[in-house]
Structure formats: structure tokens, C-alpha cells
Novice: 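This structure is in C-alpha cells; I'll ask about it shortly.
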Amino acid sequence: MSEPAFKSEFLKTMQARGYIHSITHPAELDAACLKGPITAYIGFDATAPSLHVGHLIQIMMLRRLQQAGHKPIVVMGGGTTKVGDPTDKEGQRPLLTEAQIQANIATIRGTFEKFLTFGDGPTDAIMVDNDEWLSRFGYVEFLREFGVHFTINRMLAFESVKLRLEREQPMTFLEFNYMLMQSVDFLELERRFACALQMGGSDQWGNIVNGVELIRRLDGKPAFGLTTPLLSTASGAKMGKTVGGAVWLNADMRSPYDYWQFWRNTEDADVGRFLRLFTDLPEAEVARLEKLPGAEINEAKKVLANETTRMLHGAEATEAAAKAAEAAFEQGRLSADLPTHEVVGAELEAGILLAALVHDAGLASSRGEARRLAQGGGLRVNDKPEPDANRNVTAADLVDGVVKLAAGKKKIVLVKPV
RNA sequence: GGGGGAAUGUCCCGAGCGGCAAAGGGGGCGGACUGUAAAUCCGCUGGCGUACGCCUUCGUAGGUUCGAGUCCUACUUCCCCCA
């Protein structure tokens, strides 16, 4: 890959920090960024009430954009979500209702507000819903207006399509049209907000390029696309899948403590890369941290966890998470900031089946799993390995008013009678 | 329209003479070793029950059989070839 020397602050930062996979017209975009504020967007689906860390790199790009004095647009896929993602194999999944989608968008908005400054100013971020325009088109109208600009020949040549066909995996007509819808999104944003740049993951390249060309052809306006590399950890695992499934960004779906832990457990080899991508720390500081030898790299991981958690959940929650972790891992003490699970005092007096308690506390997805965990030596009660999950936990197990349950070394829950 | 194939443990891939809770991977979880890392090795990986056990799973619905993922019929979806 060639590395053109960018002049604009935005692209220089993007390149130095590792966000860039490819750009459609690098030199031209660089010049545009240099000339004045540009407007750029990224689209997000509203399939869940929260985004997860997989989206974080995109969110951070918008943040960098704004930091560099440009205007970010967050496009929520209200229209596309309504249709449902055809990539999903299990088509029986019930389609989200209008209300659900709107509710999802509302809670997701809160996340963006942590990373971007919204408002009416020239570089303030705005959020729009593509349902606004996508659901307005009539079929024939849509075909006549946009369909003429896309040839099947070209669409078939796109990597995403080719791959599917080669692997003999079905691709629905709807999915095939995604490209058009996304292109129309870009066109619409160009017309409404003079939006000139669409960013996204490298898997979006084809879709983005189509939008770029549609704008250039129809409106003769400059339009650009920029994609990020697909994120995986140094050892090849997909980013964001861990202990409890997806690493959600909403605090009520994944606690600040767990979020902090997620970053704290980063592989050595990823620390520098993640600090550049997910924190605002200056390059010099990142360079220093990533070079820490041996076990000292753990300090860098703490910085990473602190910075990322603060950005999302605030200073207070971060401090609590860091303190709880320090107490639990470095001093073996308890901290009230650890996740807790409340039980009715009277039930505890009577005795609660340990397997059930572990399950209820969220440390195992079933009682059976709790039992297996115990048999495998991974379950601890008050720091003592407990091979028998069939015993009852009673008030006698309380230490300083709580029972400390641990599944493995990293998942800890305090059971508190109420 | 005709012909031939395919759908498996709801994370993914994938084997499966009529006795199957179903081989093997990957992933995930746990243990050992470490530094809350990686690599490596070991164990676990449908639900419920303290246990003998019970229940629910192989695209959907029926059928044959003591017994069906496995055989038959119809349906659904997908793939390939011919038109």
C-alpha cells in the first residue's frame, strides 16, 4: 500500500492512527479537507437498543472528524432496519416494529452524545434517519430515478456480490438493492447538507463507491469514500465478542466495570493500536506506553481501560471500575463497586441452591452450566473453590454482609441480602 | 416447466449402517502456566433434577416402525443442470 503524504489535519491524523483502509480520491479529498470544513457521514443500523464495540471505530472516526474541524452526520438506518437485514440467515426473526426501531434510535443517540457535540453550529454533529427519505419513494419512481444509473454488470463485479455467488450463498433481490439504497442515502445527504464524504468499514467499500459515483454523475459534485480496516485482535479473534457475548456500549447492557475489564484484558500486541484508535492520547504518549516492556505493559492496558471507559461512561464510573478492579485483582479485597446481585434476606436465611444463585447472578446461563463450572474448578465462593454447586448458600456464608461469587478469575459478583 | 442435490446440536463449519443427546473442528467458558496478556497443555460446551433419571433437539407437517437425524409422502427454502 502506498502512503501518500496528506496535508490536511484530518487525514494526517486518520492515517497516523490507523483508521484508513482505503480512500476513493485521496489527493482530492485531502485538498477539500484543507480548504475548509467538510461534512461526512456514517450509517448505523438500529437493530438493537445499543451499539457495541464493533461500532466504536466508526464512532471514533466521526469524533476525529469533528476534532479536526469538520461536520459529522450520524445516519440511523431507520428505513433499512425496517426492512430487516437480509444477510441474516434465520429469516424467521420477527421484524422490528416501527416503535422498537424508534426506541432503539433514541437510546443509541445517547451513546453518540458522549463522543460528539451535537447542535446547530457549522461543525456540530447532527443525526438523521434515512427512513425520512427512503420510505417515501414509490417503486417505479425509485427505479426510474436511480435504477438507470446502476448496471447489473457492475454490481455483479463487486466483491461482496461475487463472494456470495462463488460460495453459492443466496443473495436476495432486496439485499442486492442495499447498494442502491445506501447510494441514495449519500446522494440525499449531499443534496440536503452538502455532505461530501461517507465513511465505513472495509466491507462497505462497494456500497460507498457506488454512492460516490452516483453523486458525481448526477450532481457533478465532489464525493468521497473512506473505509477502515476490519478490526480483529492480534490473535485473530473478532473484535468485541467476549464473555457475555457482544460488548455493548449502553451502561444498562454492559456495566462500566465490565467495559473497563474488556479493555483491561486487551492482548499485549493490540495495546498500541487500540490506544491510537480508541483514545485521544497524543502519539508521543501512545508510543511510550506501547513500548513498556514485559509485565509493565499492564500499565498501558490500565490507561487504555481508563481512557475508553471515561469517554463512554464518565470519570466517576471509570474511577469506580478501576478501583474495584485494583481491589479485586491486586489486593484481593472486596469493593462495593463490584457488580452486585440482590437476594431477599429471608430466602438466604432459608438457603438458596448455589447453582441457582450463580445462574441468577448472571455468572452462568443455566444451572447446569453453573454445576459444570463448579466441577471444573472454576467456581469460587468467598475465594474458596467450591466443587459442589448443589449445596445451599445460607446466611452463614455471609462475609462482611455479602457472599462473593466468582466464575473464573475475572467474573465476580457480590450477593447482597436485602 | 423438467431433472438432480441440500437443509444437523438456534454461535459457525461439519460427520452421521434405523437404537443418538448425536463424531470432528472452530469459537466460547473453565483449569494449569503467567502479567487480569499471548502461546501451550488439560477439562467442559441442550434444559431440568442431589442422584438411578426425566424432558426438548437434526427445515415444516404427516406416515412406516417396538424404535427415525437416518426410510416414505407432502410442503418450505436454497444450490446445480436442462428449457
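Chain identifiers are assigned alphabetically (A, B, ...) following the order of the sequence lines, protein sequences preceding nucleic acid strands; residue numbering begins at 1 within each chain.
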Novice: Whom does B/rC71 pair with, Watson-Crick or G-U wobble, provided both distances fall under 3.5 Å?
Specialist: B/rG63

Novice: Going by atom types only, do A/Gln182 and A/Gln198 share a side-chain donor-acceptor pair under 3.5 Å?
Specialist: yes

Novice: Return the pairing partner of B/rC52 with a 3.5 Å limit on both distances, Watson-Crick or G-U wobble; otherwise return none.
Specialist: none

Novice: Please give the distance between the P atoms of B/rA22 and B/rG27 as a whole number of Å.
Specialist: 24 Å

Novice: With both distances under 3.5 Å as the test, what is the Watson-Crick or G-U wobble partner of B/rA22?
Specialist: none

Novice: Distance check, P atoms only: B/rA51 and B/rU40, in whole angstrom units.
Specialist: 35 Å

Novice: Cut-off 3.5 Å, side chains only: do A/Ser8 and A/Asp30 have a donor facing an acceptor?
Specialist: yes

Novice: Under 3.5 Å, which protein N or O atoms sit close to an N or O of nucleotides 31-37 of chain B? Give each pair with its distance.
Specialist:
from	atom 1	to	atom 2	distance (Å)
B/rA32	OP2	A/Lys409	NZ	2.8
B/rG35	O6	A/Asp268	OD2	3.4
B/rG35	N1	A/Asp268	OD1	3.4
B/rG35	N1	A/Asp268	OD2	2.6
B/rG35	N2	A/Asp268	OD1	2.6
B/rG35	N2	A/Asp268	OD2	3.4
B/rG35	N2	A/Asn298	OD1	3.4
B/rG35	N2	A/Lys301	NZ	3.1
B/rG35	N3	A/Asn298	ND2	3.4
B/rU36	O3'	A/Lys410	NZ	3.4
B/rU36	O2'	A/Asn265	OD1	2.7
B/rU36	O2	A/Gln261	OE1	2.8
B/rU36	O2	A/Asn265	OD1	3.1
B/rU36	N3	A/Gln261	OE1	3.2
B/rA37	OP1	A/Lys410	NZ	2.9
B/rA37	O4'	A/Lys301	NZ	3.1
B/rA37	O2'	A/Asp268	N	3.3
B/rA37	N3	A/Asp268	OD2	3.1

Novice: Ignoring hydrogens and geometry, is there a side-chain-to-backbone donor-acceptor pair from A/His55 to A/His52 under 3.5 Å?
Specialist: yes

Novice: Do any N or O atoms of the protein come closer than 3.5 Å to N or O atoms of nucleotides 49-51 of chain B, and which pairs are they?
Specialist:
from	atom 1	to	atom 2	distance (Å)
B/rG49	OP1	A/Arg367	NH1	2.3

Novice: Sticking with atom C1', work out how far B/rC78 lies from B/rA68, rounded to a whole angstrom.
Specialist: 24 Å

Novice: Taking atom types as modelled and ignoring hydrogens, do the side chains of A/Trp133 and A/Asp185 form a donor-acceptor contact shorter than 3.5 angstrom?
Specialist: yes

Novice: Judged by each residue's nearest nucleotide on RNA chain B, which is more toward the 5′ side, A/Ser365 or A/Leu373?
Specialist: A/Leu373

Novice: Taking B/rG59 as the reference, what is the distance to B/rA15 when you measure between their P atoms (whole Å, please)?
Specialist: 14 Å

Novice: Would you list the pairs meeting side-chain hydrogen bond (donor to acceptor under 3.5 Å, both in side chains) in which at least one residue belongs to residues 64-79 of chain A, sequence neighbours left out?
Specialist: A/Tyr19-A/Arg64, A/Arg64-A/Gln67, A/Arg64-A/Asp280, A/Gln67-A/Asp280

Novice: Now, which nucleotide makes the Watson-Crick or G-U wobble pair with B/rC78, with each of the two distances under 3.5 Å?
Specialist: B/rG5

Novice: With P as the reference atom in both, quote the distance from B/rC75 to B/rG3 in angstrom, rounded to an integer.
Specialist: 13 Å

Novice: Indicate yes or no for a side-chain donor-acceptor contact from A/Asn250 to the backbone of A/Asp252 under 3.5 Å, with no hydrogens or angles considered.
Specialist: no

Novice: Any N/O pairs under 3.5 Å between the protein and nucleotides 52-55 of chain B? List them or say none.
Specialist:
none

Novice: Counting N and O atoms only, with roles assigned by atom type, does the side chain of A/Lys12 sit under 3.5 Å from a partner on the main chain of A/Phe6, one being a donor and the other an acceptor?
Specialist: no

Novice: Expressed in whole Å, how much space separates the P atoms belonging to B/rU70 and B/rA61?
Specialist: 13 Å

Novice: Could you pull out all residues at least two apart from A/Pro49 that satisfy side-chain contact (heavy atoms from CB on, under 4.5 Å)?
Specialist: A/Asn104, A/Thr107, A/Met253

Novice: Measure the distance from CZ on A/Arg273 to C1' on B/rA38 and round it to the nearest whole Å.
Specialist: 14 Å

Novice: Should A/Phe146 and A/Phe137 be marked as a ring-ring contact (aromatic ring centres under 6.0 Å, His included) after you check the CA-CA gap, both sets of side-chain angles, and the distance that decides it?
Specialist: CA-CA 11 Å; A/Phe146 307 111; A/Phe137 291 108; 5.4 Å; yes

Novice: If I pick the P atom on B/rC71 and the same atom on B/rU10, what distance separates them, to the nearest angstrom?
Specialist: 23 Å

Novice: Please work out whether B/rC58 sits syn or anti, treating a glycosidic angle within 90° of 0 as syn.
Specialist: anti

Novice: Less than 4.0 angstrom between a side-chain N/O of A/Ser366 and OP1 or OP2 of B/rG46, yes or no?
Specialist: no

Novice: Counting Watson-Crick and G-U wobble pairs only, both distances under 3.5 Å, name the nucleotide matched with B/rU40, or none.
Specialist: B/rA32

Novice: Mind checking whether A/Phe112 and A/Phe44 have ring centres under 6.0 Å apart?
Specialist: yes

Novice: Examine distances only and state if a side-chain atom of A/Arg367 and a backbone atom of A/Ala355 form a donor-acceptor pair shorter than 3.5 Å.
Specialist: no

Novice: Run the side-chain contact (heavy atoms from CB on, under 4.5 Å) test against A/Arg216 and tell me which residues pass, sequence neighbours left out.
Specialist: A/His25, A/Glu28, A/Val212, A/Ala223, A/Phe224

Novice: Determine the Euclidean distance between corresponding C1' atoms of B/rU64 and B/rA74; express it in Å to zero decimal places.
Specialist: 15 Å

